[in-house]
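The first residue of the sequence shown is numbered 1, and numbering continues consecutively from there.
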Amino acid sequence: MAIDVHGRNLRYFVAVAEDLHFTRAAERLFVSQPALSKQIRMLERQLGAELFERDRQGVRLTAVGSALLPYARRVLADWDAAADAVERARAEQQATLVVGMSTSPGRSGLLPAIRSRFSEACPAATVRLRQVSWEDSSAGLADGSADAAFVWLPVPDAERYAWVVVAEEPRHVALPGTHRLAAQEEIGFADLLDEPFIALPESAGVLRDYWLALDARAGRPARIGAECASADEVYEALVDGRGVCLLAAGNAPLLTRGGVITRPVRGISTSRLALAWRAGDRRPLVSAYAEASRLASGRRSG
């Protein structure tokens with residue numbers, strides 16, 4: 001038998017069942033006693049049974065009322081929890097999402113495409129992009145200052161994060177225009193093994209190793225000519241002749257200013273840019289931004 005019972009009537013029933021007094025229950029519910037009695041009678045008609053016995057001794061639950069009470073409490077508790085969840089989700093959709101980045105992810109319209117899809121899913125939300133030093137290769141995820149972040153893979157402590165790759169690009173080498181290899185259209189990595197390299201800070205961990213291409217050196221250590229934590233610092237080190245550096249093809253405009261050129265490099269893997277977030281973070285805004293990134297890039301989450 002299907003019965004369509006209003007939550008208000010269940011709430012009224014529970015109040016009377018707990019007080020066993022219609023007048024006190026009405027006062028607690030901020031309704032009149034006649035209105036409360038009317039709703040209880042309506043509920044009893046829907047159920048086809050009396051819920052309370054009323055006589056000069058007072059009010060008592062019937063057997064049906066006693067059977068209903070624990071379930072009514074459970075339904076009301078679940079509904080209150082659902083209402084809280086809805087309110088949290090609504091507040092989340094109207095909140096600000098902080099997205100960290102160490103270099104601009106705006107490759108071939110990628111960032112506008114992500115923004116467009118995210119705005120469709122969460123029109124009331126605001127995205128704030130936060131520039132983070134290269135010293136933090138998690139771009140703000142590790143210390144919680146970013147909700148999501150555009151990072152280069154590999155990321156240290158990879159088990160802490162989930163991600164979706166949004167771009168794959170060949171690695172280039174940046175070097176002074178006067179360098180002995182500058183005239184070549186493409187440079188083999190073997191020709192760079194003895195060059196001093198401009199490295200990320202040691203705090204970048206495995207990402208520092210990746211941009212030094214340690215995996216392609218057959219155990220030979222990299223010569224470090226300088227350590228830099230920003231594109232401007234790298235540019236100055238290149239102009240000063242302190243070394244060369246690997247970079248993603250899409251980042252070439254950051255360094256190809258006066259006196260610096262970039263060339264494709266043979267013999268090393270392509271670079272991968274990802275939108276990452278903390279593993280297990282299922283907040284609606286984070287999930288929506290991750291999905292927008294996946295759709296914009298046509299990739300699968302990792």
Any salt bridge linking [X] with [Y]? Criterion: basic side-chain nitrogen under 4.0 Å from a carboxylate oxygen.
| X | Y | answer |
| --- | --- | --- |
| Arg128 | Asp147 | no |
| Glu168 | Arg272 | no |
| Glu195 | Arg180 | yes |

Contacts of Arg45 that satisfy salt bridge (charged side-chain N to carboxylate O under 4.0 Å, His left out) - sequence neighbours left out: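 Counting only residues at least two positions away or on another chain, Arg45 forms no salt bridge (charged side-chain N to carboxylate O under 4.0 Å, His left out).
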What pairs with Arg130 under salt bridge (charged side-chain N to carboxylate O under 4.0 Å, His left out), at least two apart in sequence or on another chain?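 Per chain and number, Arg130 pairs via salt bridge (charged side-chain N to carboxylate O under 4.0 Å, His left out) with no residue.
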May I ask you to check if Arg223 and Phe197 form a cation-pi contact, with NZ or CZ under 6.0 angstrom from the six-membered ring centre and within 45° of the axis?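 Not flagged: Arg223 not positioned over aromatic ring of Phe197.
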With side chain to side chain contact (heavy atoms under 4.5 Å, CB included) as the criterion, how do Leu246 and Ile268 come out once you've worked through the C-alpha distance, each side chain's angles and the decisive distance to 0.1 Å? CA-CA 10 Å; Leu246 296 176; Ile268 55 176; 4.1 Å; yes
Main-chain N/O of [Y] paired with [X] side-chain donor or acceptor, under 3.5 Å:
| X | Y | value |
| --- | --- | --- |
| Arg257 | Tyr235 | no |
| Ser138 | Ala142 | yes |
| Glu169 | Gly250 | yes |

When you check the side-chain N and O atoms of Ser287 and Arg282, is any donor under 3.5 Å from an acceptor?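 Arg282 and Ser287 do not have a side-chain donor-acceptor pair below 3.5 Å.
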Could you tell me whether the side chains of Ser145 and Asp143 share a donor-acceptor contact shorter than 3.5 Å?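 The answer is yes; a qualifying pair exists.
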Do Val244 and Ile198 pass the side chain to side chain contact (heavy atoms under 4.5 Å, CB included) test, and can you show the C-alpha distance, the side-chain angles, and the key distance before you say yes or no? CA-CA 6 Å; Val244 301; Ile198 300 167; over 6 Å; no
Qualifying ring-ring contact (aromatic ring centres under 6.0 Å, His included) pairs, either residue in residues 43-66, two or more places apart: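 As it turns out, the ring-ring contact (aromatic ring centres under 6.0 Å, His included) pairs with a partner in residues 43-66, which skip direct neighbours, are Phe13-Phe52, Phe22-Phe52.
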Residue list, ring-ring contact (aromatic ring centres under 6.0 Å, His included) with Tyr210, at least two apart or on another chain: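 Here no residue qualifies.
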With sequence neighbours excluded, what pairs up with Ala26 under the side chain to side chain contact (heavy atoms under 4.5 Å, CB included) test?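 For Ala26, the residues satisfying side chain to side chain contact (heavy atoms under 4.5 Å, CB included) (neighbours in sequence not counted) are Val31, Gln33, Leu36.
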Not counting sequence neighbours, list each pair that qualifies as a side chain to side chain donor-acceptor pair (under 3.5 Å) and has a residue in residues 181-194.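 Qualifying pairs: Glu186-Arg266, Asp194-Arg220.
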